[in-house]
There are 2 protein chains.
Amino acid sequence: MNRKMPVKRVFRTKQKRLSADDRRSEFVTKATELFAEEGFGGGTRALARKLGVTQPLLYRYFPSKDDLIKEVYRKVYLEPLEIGWEKLLSDRSRPLRARLQEFYEVYTDAIFNRRWLRIYLYSGLKGLDINRWYVGMVKDKILTRILRECRHDAGLATQSRPSAAELELAWVFHGGIFYYGVRKYIYEAPVLEDKAQMISDALDIFLAGFERMAESATDRRRVPIKVVG
Amino acid sequence: MNRKMPVKRVFRTKQKRLSADDRRSEFVTKATELFAEEGFGGGTRALARKLGVTQPLLYRYFPSKDDLIKEVYRKVYLEPLEIGWEKLLSDRSRPLRARLQEFYEVYTDAIFNRRWLRIYLYSGLKGLDINRWYVGMVKDKILTRILRECRHDAGLATQSRPSAAELELAWVFHGGIFYYGVRKYIYEAPVLEDKAQMISDALDIFLAGFERMAESATDRRRVPIKVVG
DNA sequence: ATCTCTGGTGATCGCTCGATAAACTGAGCC
DNA sequence: GGCTCAGTTTATCGAGCGATCACCAGAGAT
């Protein structure tokens with residue numbers, strides 16, 4: 001991590017003169033922290049202060065603050081994708097429930113922290129394309145996959161695309177879990193500390209709900225689970 | 001609505017000189033719109049432009065921008081409380097499921113709109129007391145009440161406070177529904193258009209999950225609802 | 001020892017922000 | 001008609017913002 005400590009100059013509390021790459025990534029890292037707390041209105045001077053450098057230095061590495069922000073997006077949004085959930089969710093040598101449990105534990109380990117959630121919500125409020133892309137990704141790569149595995153597990157025909165009702169079921173389930181993170185890290189409200197237990201319980205009711213839906217869909221064809229009005 | 005149209009001056013596209021009360025509430029209304037879109041960083045000049053007046057006028061009605069913001073909070077947070085859910089949720093002359101269905105339809109009618117949700121999320125990110133208060137209110141006035149009714153319906157002892165696991169179950173359910181609004185109005189992602197159907201489905205799996213939990217709590221104590229592996 | 005190249009700084013510009021003070025204006029009252 | 005008072009505007013302040021430019025300084029090559 002430490003590179004090229006000068007022989008002389010033992011004092012000098014802040015070593016400066018980092019390599020270009022190191023400085024650049026340091027800007028991104030600290031900018032993520034700053035923007036997570038202050039929102040993207042956080043100032044470039046406050047950012048420079050966090051690095052112990054002066055504000056104009058930022059512009060040696062990024063043409064504008066907006067470019068820095070884009071870099072922060074890239075880092076934050078791509079971080080949780082490094083898990084490789086394809087194989088985790090689709091590995092049919094393992095029981096479905098265990099796969100889902102592990103996936104959501106790993107996934108929430110990646111995104112349930114103050115930094116990620118705040119950046120995500122701030123960028124969501126800005127309505128950026130990258131946010132839409134992420135939501136679409138969750139739908140296609142996670143929820144659709146989960147539903148396909150559920151259908152397979154229940155012995156149903158594996159259709160290419162899930163029905164709108166199924167998708168909504170999965171979204172409500174997924175959103176319920178996501179909201180646990182929001183309550184804990186954004187609202188800082190007390191939550192059930194055992195995250196794995198929360199996931200397990202949520203899975204219980206989701207899987208039970210899916211089974212019911214599957215049953216009523218096979219018995220009579222495609223009838224709403226229950227019509228109230 | 002229109003007050004005191006001057007006899008002459010038929011032109012004059014913007015009638016000004018409103019009464020103090022009217023002008024004040026107009027500031028709050030338009031500020032809510034502005035802050036919902038731009039966040040609380042939205043400028044006082046932009047706000048004045050929306051009213052067709054000049055910026056310093058704001059300071060005749062509010063000592064500072066922060067006071068205006070507080071007023072916006074008050075209005076937004078208290079709006080959905082005017083429903084009177086006490087009687088709606090606790091009216092045991094009606095079947096539980098119908099009460100829950102109606103409550104969530106009415107509640108989401110009140111909060112599922114771009115304005116409310118965005119203000120709510122922005123203020124949540126600021127970590128203000130009023131947000132904590134609201135979350136606590138949801139817990140005490142909605143979720144706890146729902147759980148009590150569920151226990152009663154299932155013939156269980158009505159304990160004063162729900163268990164942490166029950167509460168978490170209810171939170172995940174509630175959060176799943178809430179997230180539907182976020183997806184629709186914040187992310188502007190396509191959702192199942194039939195909101196009532198979404199609520200109905202979510203209720204199905206929540207109630208089924210609660211029943212199972214209640215059963216396993218009475219049969220053997222605290223066993224995972226279902227273990228697939 | 002000197003040169004050079006590059007990471008880093010100081011000063012500053014133009015703009016927008018929230019906020020203040022003083023001047024203006026028009027409807028209601030005598 | 002003229003007075004008054006409350007709603008509104010004009011002008012302006014100081015601070016903070018993103019961004020630019022000329023300059024500085026220190027490590028490595030020669």
Side-chain angles (χ1 to χ4, degrees), chain A residues 2-31 34-35 37-72 122 126, chain B residues 2-31 34-35 37-72 122 126:
Chain A
N2 280 343
R3 41 163 44 241
K4 209 170 288 181
M5 189 65 79
V7 188
K8 319 209 233 182
R9 319 189 115 290
V10 213
F11 49 105
R12 200 48 152 154
T13 152
K14 301 173 184 174
Q15 85 286 5
K16 25 185 85 168
R17 232 176 166 77
L18 294 192
S19 86
D21 283 354
D22 287 357
R23 186 62 88 194
R24 195 186 146 88
S25 63
E26 209 185 337
F27 263 117
V28 176
T29 305
K30 298 287 187 182
L34 178 71
F35 294 152
E37 290 308 314
E38 316 281 338
F40 296 105
T44 56
R45 271 164 252 259
L47 173 56
R49 210 174 308 126
K50 277 172 82 87
L51 298 203
V53 298
T54 54
Q55 178 251 0
L57 187 59
L58 168 64
Y59 295 90
R60 280 249 172 238
Y61 298 94
F62 300 91
S64 76
K65 184 186 174 183
D66 254 16
D67 291 87
L68 170 62
I69 290 178
K70 277 183 191 135
E71 200 71 15
V72 169
Y122 273 122
K126 293 223 295 191
Chain B
N2 280 344
R3 43 166 38 242
K4 207 171 286 182
M5 189 63 82
V7 189
K8 319 210 234 181
R9 320 187 115 289
V10 213
F11 49 106
R12 198 50 150 153
T13 151
K14 300 174 186 174
Q15 85 286 8
K16 24 186 86 169
R17 235 178 163 76
L18 293 193
S19 86
D21 283 354
D22 286 358
R23 187 61 90 192
R24 195 186 146 88
S25 62
E26 207 184 339
F27 263 118
V28 176
T29 305
K30 297 287 187 183
L34 178 71
F35 294 152
E37 290 308 314
E38 315 281 339
F40 296 106
T44 56
R45 271 164 252 261
L47 173 57
R49 209 175 308 126
K50 278 172 82 87
L51 297 203
V53 298
T54 55
Q55 177 251 359
L57 187 59
L58 168 64
Y59 295 90
R60 279 254 168 229
Y61 298 94
F62 300 91
S64 75
K65 184 185 173 183
D66 254 17
D67 291 86
L68 170 62
I69 290 178
K70 276 182 192 136
E71 200 70 16
V72 170
Y122 272 121
K126 292 225 294 190

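Residue numbers begin at 1 in each chain, while the letters A, B, ... track the order of the sequences.
Listed here is the closest heavy atom pair of A:Tyr122 and A:Glu38: OH-C, 4.0 Å. Of all the heavy atoms in A:Glu26 and A:Leu18, the pair that sits closest is OE1-CD1, 2.9 Å. Across A:Ala46 and A:Leu34, no two heavy atoms sit closer than the pair CB-CD1, 4.3 Å. The nearest pair of heavy atoms linking B:Val28 to B:Glu71 is CG2-CG, 3.5 Å.
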Could you give the side-chain donor-acceptor pairs of residues 52-63 of chain A under 3.5 Å, partners two or more places apart or in another chain?
{"residue": "A:Gln55", "atom": "NE2", "partner": "A:Thr44", "partner atom": "OG1", "Å": "3.2"}

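The base of D:dA27 is not paired with the side chain of A:Arg17 by any donor and acceptor separated by under 3.5 Å. The base of D:dG7 has none of its N or O atoms less than 3.5 Å from a complementary donor or acceptor on the side chain of B:Arg23.
With the nearest nucleotide of DNA chain D identified for both A:Gly41 and B:Asp21, B:Asp21 has the one nearer the 5' end.
Put simply, CG on B:Asp67 is 13 Å from C1' on C:dA19, counting in whole angstrom units. At whole-Å resolution of the value, CZ in B:Phe62 and C1' in C:dT20 are 18 Å apart. In this structure, B:Leu18 places its CG atom 11 Å from C1' of D:dT8, rounding to the nearest Å. Between the CG atom of B:Leu57 and the P atom of C:dT25 there is a distance of 16 Å, rounded to whole Å. Atom CD of B:Glu26 is separated from atom C1' of D:dG7 by 13 Å (rounded to the nearest Å). Taking atom CZ of residue A:Arg24 and atom C1' of nucleotide C:dG8, one finds them 17 Å apart after rounding to whole Å. In this structure, the CG atom of B:Leu58 is 15 Å from the P atom of D:dG7, given to the nearest Å. Across the protein-nucleic acid pair, B:Phe27 atom CZ and D:dG7 atom P stand 12 Å apart, rounded to whole Å.
Distances shorter than 4.0 Å separate some side-chain N or O of B:Thr44 from OP1 or OP2 on C:dG18.
Of the listed nucleotides (C:dA19, D:dG7, D:dA19), D:dA19 has the atom at the smallest distance from the side chain of A:Ser64. In this structure, the nucleotide among C:dC17, C:dG7, D:dT9 sitting nearest to the side chain of B:Arg45 is C:dC17.
Between B:Leu68 and B:Phe40, every side-chain heavy-atom pair lies at or beyond the 4.5 Å cut-off. Using a 4.5 Å cut-off on side-chain heavy atoms (C-beta onward), B:Arg17 and B:Arg23 make no contact.
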Taking N or O atoms only and anything under 3.5 Å, show me the protein contacts with nucleotides 21-24 of chain C, one pair per line.
none

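If you check every strand for non-hydrogen atoms under 4.0 Å, A:Tyr61 touches sugar and phosphate atoms only.
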